[in-house]
Each structure stands twice: as structure tokens, then as C-alpha cells.
**Student:** 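One structure coming up, written as C-alpha cells, with questions to follow.
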Amino acid sequence: MTFTDVTTGAVQSLASALEAYEKPADLDLDDMRYRHDMFYRDESIQGTIRYEVTYQGGRVQFVEHDKSEMFMDWDMALINWFFEHWRKLYEAYAEKSFPSGRPLQRFESGYDYWKARLSPEAWDELIHSTDPFDQRLLTDRKPHDEIQRAKEQFEMMFHQTAELHLENLRHGFYVDHLLEQRIDVESSFDAVIALYEEISEAEQKRRTREQLLYGEKDEGKLD
């Protein structure tokens, strides 16, 4: 996946562009609307993102989209929607968490869920918190079923065609909307996860730099 700056003509990996990105001075890091979409929403940088895929047998296909293109239904950058789309495919099909591959589980309560999922430091912070929202998490005794939730998210994404898509996945293929091609499921999951981790690492490096520059606290992650 590469980014082409239409102003300079420079071409680099999207990960490199994300890591090197410096936000405008007037953009507040506390603004959650831009927290994960800053690079894509920044209109001072114009360019295209190229998705390139190599199929078994060596055939190469690519599609290009404007960097700032949004998936309006979810109000997020197209690339972030791309990963969210594949997250839902992976978790419903494999019953594993994206991208870690951790098996999804069923918990007796929300309390058990957060205790299992949070880091020791985050859990300690939660149980000592006096925030009403945090207290509700600790007193949540309803069952928390990750597998059922993944299936519900999948059904919400595909609506009436959810069962057809899930059946295709079980047979090892998926008709990708972006490429408009029938693709192999397992190898595609491997490729998307590797790409997601590359992009995530670049964004984490950028956020670490921002924290040092602006003193902002980064958000934690479950997986």
C-alpha cells in the first residue's frame, strides 16, 4: 500500500507517510473525530492511496483512491473502514480477535470480561476509579459473549446477504468489494493482518512523537 503526494509527486509506503506526518498546529489531539483520521482528513496534504494485490500465480491488480475519501456511512477514512470491514469478516469467520488471533470467548459478566481483557495496569486503574461510567463496568453482571457479538456485527454489515457471505467464507473465498474479485480467504486474512500491523506500528510511532511534543496521553488498546 503506497501513498503518492500529488503536489510533489513523491511516492512512499503509506506506513512511512503516516509515521512522518506532522499535524497542523491548530488541530487538537483531544478531538476524537480526528484522533485516528488526522492524516486522511488533513486537506493541506493532497494525494492518492494505492492498494496493490498480488494473486496466486503472480497476477497483480491495483486500485487507487483519494487520500481524503471518506466512507460516509461510518464517517471514517476509507482505509480505516477497509480494516474495520476485514475485522468483522475475520472475527465472524475465524471466531478470533483481529489482529491478535486470540480466540473469542464467552464471559459470565462484563466484570469478568474487562478483568480478562485489560492490562494489569489498566485493570488496576479501573478498579480504583471513581468515575460513574467505570463503576458501571465493574457492576455489569450481564453475560458478555464475544462470539455472538462478532456474528451480530457481521450481520449488521451485510444485512440480508450476511448468511450468503458467511457461507462463501466457509468455502474459502470472498468476493471483495474493493477489488471486485473473488479472492482466497486465508491468504487474504494473513495479508490484511500484516498490513494492519504495519500501519498500526507507524501510527503508534507518530502518536508517541506527538505525546512528547504536545504532552497528550495516548489511548490504550484491548488487543
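Note that the coordinates shown come from a computational prediction; the quantities given were computed from them, not determined experimentally. All values below come from the heavy atoms of this structure, side chains included, with hydrogens, waters and symmetry mates left out.
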**Student:** Determine, stepwise, if the pair Met70 / Met76 fulfils side-chain contact (heavy atoms from CB on, under 4.5 Å).
**Tutor:** CA-CA 6 Å; Met70 294 285 124; Met76 65 169 58; 5.7 Å; no

**Student:** When the ring planes of Tyr174 and His165 are compared, do they come out parallel, tilted or perpendicular, using 30° and 60° as the limits?
**Tutor:**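 Rings of Tyr174 and His165: tilted, 30 to 60°.
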
**Student:** Between Asp190 and Ser187, is there a side-chain donor-acceptor contact under 3.5 Å, judged purely by atom types and distance?
**Tutor:**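 Side-chain D/A pair, Ser187 to Asp190: absent.
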
**Student:** Does Arg87 qualify as a cation-pi partner of Phe98, given the criterion of NZ or CZ under 6.0 Å from the six-membered ring centre and within 45 degrees of its axis?
**Tutor:**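 Cation-pi check for Arg87 and Phe98: fails.
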
**Student:** Do the rings of Phe39 and Phe3 sit parallel, tilted or perpendicular, given the 30° and 60° boundaries?
**Tutor:**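 The rings of Phe39 and Phe3 stand perpendicular, inter-plane angle above 60°.
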
**Student:** Could you check, using the six-membered ring where one of them is a Trp, whether Phe158 and His85 have ring centers closer than 6.0 angstrom?
**Tutor:** yes

**Student:** Ignoring hydrogens and geometry, is there a side-chain-to-backbone donor-acceptor pair from Thr208 to Gln204 under 3.5 Å?
**Tutor:** yes

**Student:** Between Gln46 and Thr7 (side chain of the first, backbone of the second, donor and acceptor by atom type, cut-off under 3.5 Å), is there such a pair?
**Tutor:**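 Not confirmed, Gln46 side chain does not pair with Thr7 backbone.
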
**Student:** On a heavy-atom basis, which atom in Ser129 and which in Asp134 lie closest, and how many Å separate them?
**Tutor:** OG-OD2, 2.6 Å

**Student:** In plain terms, say whether Arg117 and Glu146 are close enough for a salt bridge, that is, a side-chain N and a carboxylate O under 4.0 Å apart.
**Tutor:**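 Yes, Arg117 and Glu146 are salt-bridged.
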
**Student:** Would you say that Leu195 contacts Met1 through its side chain, given a criterion of any heavy-atom pair below 4.5 Å between the two side chains?
**Tutor:** yes

**Student:** Take a 6.0 Å sphere around CD of Glu43 and say whether it holds more than 12 heavy atoms from other residues, nucleotides or ligands.
**Tutor:** no

**Student:** Donor-acceptor pair, distance only, cut-off 3.5 Å: does the side chain of Thr139 make one with the backbone of Gln135?
**Tutor:**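 Here the side-chain-to-backbone pair exists.
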
**Student:** Got a second to check how far Glu95's CD is from Arg102's CZ, nearest 0.5 Å?
**Tutor:** 12.5 Å

**Student:** Say you draw a straight line from CD1 of Ile183 to CG of Asp176; how long is it, rounded to the nearest 0.5 Å?
**Tutor:** 4.5 Å

**Student:** Strictly by modelled atom types, are Ser44 and Asp42 linked by a side-chain donor-acceptor pair under 3.5 Å?
**Tutor:**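 Looking only at side-chain atoms, Asp42 and Ser44 do form a donor-acceptor pair, the distance falling under 3.5 Å.
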
**Student:** Would you say Leu14 and Thr2 make side-chain contact, with heavy atoms under 4.5 Å?
**Tutor:**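 With C-beta onward as the side chain, the pair stays apart.
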
**Student:** Are the side chains of Gln153 and Glu91 in touch, meaning some heavy atoms are under 4.5 Å apart?
**Tutor:** no

**Student:** With a 6.0 Å cut-off (strictly less than), is the heavy-atom count around CZ of Arg209, excluding the residue itself, greater than 12?
**Tutor:** yes

**Student:** Atom CD of residue position Glu22 - does it have more than 12 heavy atoms of other residues, nucleotides or ligands inside 6.0 Å?
**Tutor:** no

**Student:** If we ignore hydrogens and angles and just use 3.5 Å, is the side chain of Thr161 paired with the main-chain N or O of Leu164 as donor and acceptor?
**Tutor:**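 Checking the backbone N and O of Leu164 against the side chain of Thr161, no donor-acceptor pair under 3.5 Å is found.
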
**Student:** Under 4.5 Å between any side-chain heavy atoms of Val192 and Phe83, yes or no?
**Tutor:**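 Val192 vs Phe83: side chains touch.
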
**Student:** Closest heavy-atom contact between Ala15 and Ala202?
**Tutor:** O-CB, 3.2 Å

**Student:** Determine whether Val175 and Met157 fall in the same hydrophobic cluster, where Ile, Leu, Val, Met, Phe, Trp and Tyr are linked whenever their side-chain heavy atoms lie under 4.5 Å apart.
**Tutor:**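 In one cluster: no.
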
**Student:** Hey, is Lys151 close enough to Glu163 for a salt bridge, meaning N to O under 4.0 Å?
**Tutor:**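 No, Lys151 and Glu163 are not salt-bridged.
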
**Student:** Is a donor on one side and an acceptor on the other found under 3.5 Å between the side chain of Asp37 and the backbone of Tyr40?
**Tutor:**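 No, because the side chain of Asp37 does not come within donor-acceptor range (under 3.5 Å) of the backbone of Tyr40.
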
**Student:** If you apply the rule side-chain contact (heavy atoms from CB on, under 4.5 Å), what do you find for Tyr113 with Leu137, and how did you get there?
**Tutor:** CA-CA 10 Å; Tyr113 167 77; Leu137 296 181; over 6 Å; no

**Student:** With side chains defined as the heavy atoms from C-beta onward, is the minimum distance between Ile147 and Arg106 less than 4.5 Å?
**Tutor:** yes

**Student:** Indicate, with yes or no, if Leu104 and Leu169 share a hydrophobic cluster defined by side-chain heavy-atom contacts under 4.5 Å among Ile, Leu, Val, Met, Phe, Trp and Tyr.
**Tutor:**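 Per the 4.5 Å side-chain linkage, Leu169 and Leu104 are not co-clustered.
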
**Student:** With the 4.5 Å side-chain cut-off for hydrophobic clustering, are Phe133 and Leu126 part of the same group?
**Tutor:** yes

**Student:** Could you tell me whether Tyr111 and Trp123 have their ring centroids closer than 6.0 angstrom?
**Tutor:** yes

**Student:** Shortest non-hydrogen contact from Phe107 to Ala116?
**Tutor:**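 Here Phe107 and Ala116 meet closest at CE2-CB, 3.6 Å.
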
**Student:** Does His65 form a side-chain contact (heavy atoms from CB on, under 4.5 Å) with Ile49? I'd like the steps, not just the answer.
**Tutor:** CA-CA 5 Å; His65 288 272; Ile49 296 174; 5.5 Å; no

**Student:** Taking C-beta and beyond as the side chain, do Tyr93 and Val185 meet within less than 4.5 Å on heavy atoms?
**Tutor:** yes

**Student:** Would you compute the distance between atom CG of Leu138 and atom OG of Ser109 and round it to the nearest 0.5 angstrom?
**Tutor:**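 The OG atom of Ser109 is 10.0 Å from CG of Leu138, to the nearest 0.5 Å.
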
**Student:** Sub-3.5 Å donor-acceptor pair from the side chain of Lys67 to the main-chain atoms of Ile45, do we have one?
**Tutor:**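 The answer is yes, because a donor-acceptor pair under 3.5 Å joins these two groups.
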
**Student:** Tell me yes or no: between the side chains of Glu210 and Tyr21, is some donor less than 3.5 Å from an acceptor?
**Tutor:** no

**Student:** If we only count heavy atoms from C-beta on, is the Phe154 to Leu166 side-chain gap below 4.5 Å?
**Tutor:**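 With C-beta onward as the side chain, the pair touches.
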
**Student:** Checking Thr8 side chain against Ala10 main chain: does a donor-acceptor pair fall under 3.5 Å?
**Tutor:**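 Judged by distance alone, yes, a pair lies under 3.5 Å.
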
**Student:** Which value, rounded to the nearest 0.5 Å, describes the distance between Glu64 atom CD and Glu52 atom CD?
**Tutor:** 10.0 Å

**Student:** Tell me, yes or no, whether the heavy-atom count around Glu152 atom CD, taken from other residues, nucleotides or ligands under 6.0 Å, exceeds 12.
**Tutor:** yes

**Student:** Under 6.0 Å between ring centres, would you say that holds for Trp86 and Phe189?
**Tutor:**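 Trp86 vs Phe189: aromatic centres under 6.0 Å.
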
**Student:** Around atom CZ of Arg182, are there more than 12 heavy atoms of other residues, nucleotides or ligands at under 6.0 Å?
**Tutor:** no

**Student:** How many angstroms lie between CD in Glu198 and CG in Leu18, if you round to the nearest 0.5 Å?
**Tutor:** 9.5 Å

**Student:** Rounded to the nearest 0.5 Å, how far does OG of Ser200 lie from CD1 of Ile193?
**Tutor:**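 Interatomic distance, Ile193 CD1 to Ser200 OG, rounded to 0.5 Å: 11.0 Å.
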
**Student:** Report yes if the side chains of His144 and Asp112 come closer than 4.5 Å at any heavy-atom pair, otherwise no.
**Tutor:** no

